[in-house]
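Scroll down for the structure; my scribbles are underneath it.
Note that these values count all heavy atoms, side chains included, but never hydrogens, waters or copies made by symmetry.
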Amino acid sequence: MKIASALIILSILLPPSLSEAQRSGGSKGGVRPSEIGAGIQPIGAESIMWYTTWDTALTEAARSNRPIFFMAAAATCSGISGVF
Amino acid sequence: MVRSFLGGAFANTAFSLLAPDGDTRLSGSGRGPNQVLKPGRRGPGSPEADDSLVIEELANLARRFRPKGDTNEQTLQDFHTFRQALNVASADQRLLLFVISPETSQSKVESTLRPVMADSSVIGRFHVDFADQNTDKDWDENIQRSKNQAGYFIIRAGQFGQSGSVMDHLPLTASGDQVKTALLEANREFAETEERKDYGDHVSLGRRERIYFENEMPYGEDRDGDGVIDHGAIIRQGGKGKGKGKGKGR
């Protein structure tokens with residue numbers, strides 16, 4: 001079973017893929033930007049199809065009867081856009 | 001909503017699993033799946049924290065529900081604003097399909113797009129946003145080669161998601177196959193020319209260039225749940241920021 005097709009993924013901003021530092025939890029006290037590195041997913045490759053608003057996720061969950069993987073995250077790092 | 005998952009506190013991430021009704025909780029809640037789901041709670045490095053066990057737990061939970069409906073009829077993605085869509089497309093490093101459509105054509109456009117976006121060669125490779133008459137009036141202010149007219153726009157976001165360029169533009173009369181072909185061609189070019197961002201380098205560059213993204217969400221965290229963002233605590237923790245974003249949480 002493909003998880004991404006079995007659950008509705010609602011994420012206010014989930015990364016496309018996790019680096020080693022992210023997966024391991026990083027250093028004690030939380031992951032620092034310098035520990036995260038780059039995602040391992042090739043650019044342009046299939047990744048998680050996720051919904052970015054509560055309304056669209058809820059509509060799709062009701063339509064398809066799939067449970068919701070809810071993940072909220074800020075769309076910036078220290079106010080810097082283009083990463084999360 | 002985030003506070004409801006964090007016992008009244010506010011932090012930069014929140015996670016939970018919910019039933020399709022959006023209300024019934026299927027798991028506890030916390031900062032992320034590895035904190036909430038049993039296999040992940042043993043801590044980093046332990047065999048129990050292995051991703052595959054977390055995935056297995058998710059799969060077991062999903063099996064409790066019988067999916068229904070045709071995937072070709074799936075709900076299309078949308079964002080609150082074009083500005084946010086561009087930022088997320090940049091962060092995810094995916095192309096953005098931005099659709100400007102008069103209300104009278106919206107239903108037809110959605111019917112055309114649903115099977116395209118559900119196609120196995122397309123799904124999970126793009127973001128989609130529909131223009132909002134109120135919030136997206138100036139969408140093309142920082143977009144190169146844009147045309148402020150109806151149609152499908154395939155947009156490549158810039159490094160910080162505050163600018164971009166149109167890679168292709170199709171009229172709303174384009175067929176699903178035409179849209180799909182244009183998306184795949186643009187994605188091929190994108191994959192060949194885009195480099196995966198390094199998180200730390202990106203943030204360092206952003207600090208040097210004083211990049212700042214105004215957001216409706218408050219920056220910082222309210223860890224004690226008193227309703228006030230703990231700016232002081234965050235500044236002491238971080239303390240490296242400069243300019244407007246100084247010391248504020250993610």
Q: Check whether any side-chain heavy atom of S81(A) sits under 4.5 Å from a side-chain heavy atom of I211(B), and report yes or no.
A: yes

Q. Just wondering, are more than 12 heavy atoms of other shown residues or ligands nearer than 6.0 Å to CD in E192(B)?
A. yes

Q) Closest heavy-atom contact between I123(B) and E46(A)? A) O-CG, 3.4 Å

Q) Is chain A contacted by the side chain of E73(B), its backbone, both, or neither, given a heavy-atom distance below 4.5 Å? A) both

Q.
So for D78(B), is it side chain, backbone, both, or neither that comes closer than 4.5 Å to the heavy atoms of chain A?
A. both

(Q) Is it the case that the side chain of R63(A) and the backbone of G69(B) share a donor-acceptor pair, with hydrogens and angles ignored and the cut-off at 3.5 Å? (A) no

Q. Taking every heavy-atom pair that is under 4.5 Å apart, which of R188(B), H127(B), R64(B), M117(B) has the most such pairs with chain A?
A. H127(B)

Q.
Once you measure the plane-to-plane angle for F70(A) and F5(B), does it fall in the parallel (<30°), tilted (30-60°) or perpendicular (>60°) bin?
A. tilted

Q: Could you have a look at S90(B), A157(B), S121(B), G161(B) and say which one has the most heavy-atom pairs with chain A under 4.5 angstrom?
A: S90(B)

Q: Looking only at non-hydrogen atoms, find the nearest pair between C77(A) and V203(B) and report the distance.
A: SG-CG2, 3.8 Å

Q. If we only count heavy atoms from C-beta on, is the M49(A) to R125(B) side-chain gap below 4.5 Å?
A. no

Q) If you measure from CG on L18(B) to CG on L58(A), what distance do you get to the nearest 0.5 Å? A) 9.5 Å

Q. Checking Y51(A) side chain against T75(B) main chain: does a donor-acceptor pair fall under 3.5 Å?
A. yes

(Q) Under 4.5 Å from any heavy atom of chain A, what part of L26(B) do you find: side chain, backbone, both or neither? (A) side chain

Q: Compare every heavy atom of T13(B) with every heavy atom of M71(A), then report the nearest pair and how far apart it is.
A: CE-CB, 3.7 Å

**Q.** Interchain contact, R31(B) with chain A, by part (heavy-atom threshold 4.5 Å)
**A.** backbone

Q: With a 4.5 Å cut-off on heavy-atom pairs, point out which of F190(B), F126(B), F65(B) contacts chain A the most.
A: F65(B)

Q: Determine, step by step, whether Q93(B) and Q41(A) satisfy the side-chain contact (heavy atoms from CB on, under 4.5 Å) criterion, reporting the C-alpha distance in whole Å, the side-chain angles of both residues, the deciding distance to 0.1 Å, and the verdict.
A: CA-CA 10 Å; Q93(B) 294 190 272; Q41(A) 188 85 0; over 6 Å; no

Q) Relative to chain A, which segment of Q74(B) carries a heavy atom at a distance below 4.5 Å: side chain, backbone, both, or neither? A) both

Q.
Using heavy-atom distances under 4.5 Å, tell me whether T71(B) contacts chain A through its side chain, its backbone, both, or neither.
A. backbone

Q) Is there side-chain contact between L61(B) and P67(A), with at least one heavy-atom pair below 4.5 Å? A) yes

Q. Looking at G124(B), A85(B), S120(B), S29(B), which has the largest count of heavy-atom pairs under 4.5 Å with chain A?
A. G124(B)

(Q) Looking at Q77(B) and T52(A), would you say the former's side chain and the latter's main chain have a donor-acceptor pair under 3.5 Å? (A) no

Q. To the nearest 0.5 Å, what is the distance between CG (D201(B)) and CD1 (I36(A))?
A. 12.0 Å

(Q) Do R94(B) and S47(A) make a side-chain contact, defined as non-hydrogen atoms from C-beta onward lying under 4.5 Å apart? (A) yes

Q: State, with a plain yes or no, whether a side-chain heavy atom of N65(A) is found less than 4.5 Å away from one of P20(B).
A: yes

Q | Pair W54(A) and H80(B), ring centroids less than 6.0 Å apart | A | no

Q. Within the side chain of K197(B), is there an N or O that forms a donor-acceptor pair under 3.5 Å with the backbone of G37(A)?
A. no

Q) For L95(B), is it the side chain, the backbone, both or neither that has a heavy atom under 4.5 Å from a heavy atom of chain A? A) neither

Q | Min side-chain heavy-atom separation F79(B)-T56(A) under 4.5 Å | A | no

Q | Test applied, side chain to side chain contact (heavy atoms under 4.5 Å, CB included); reference residue, I80(A); option that passes from R210(B), E209(B), H202(B) | A | H202(B)

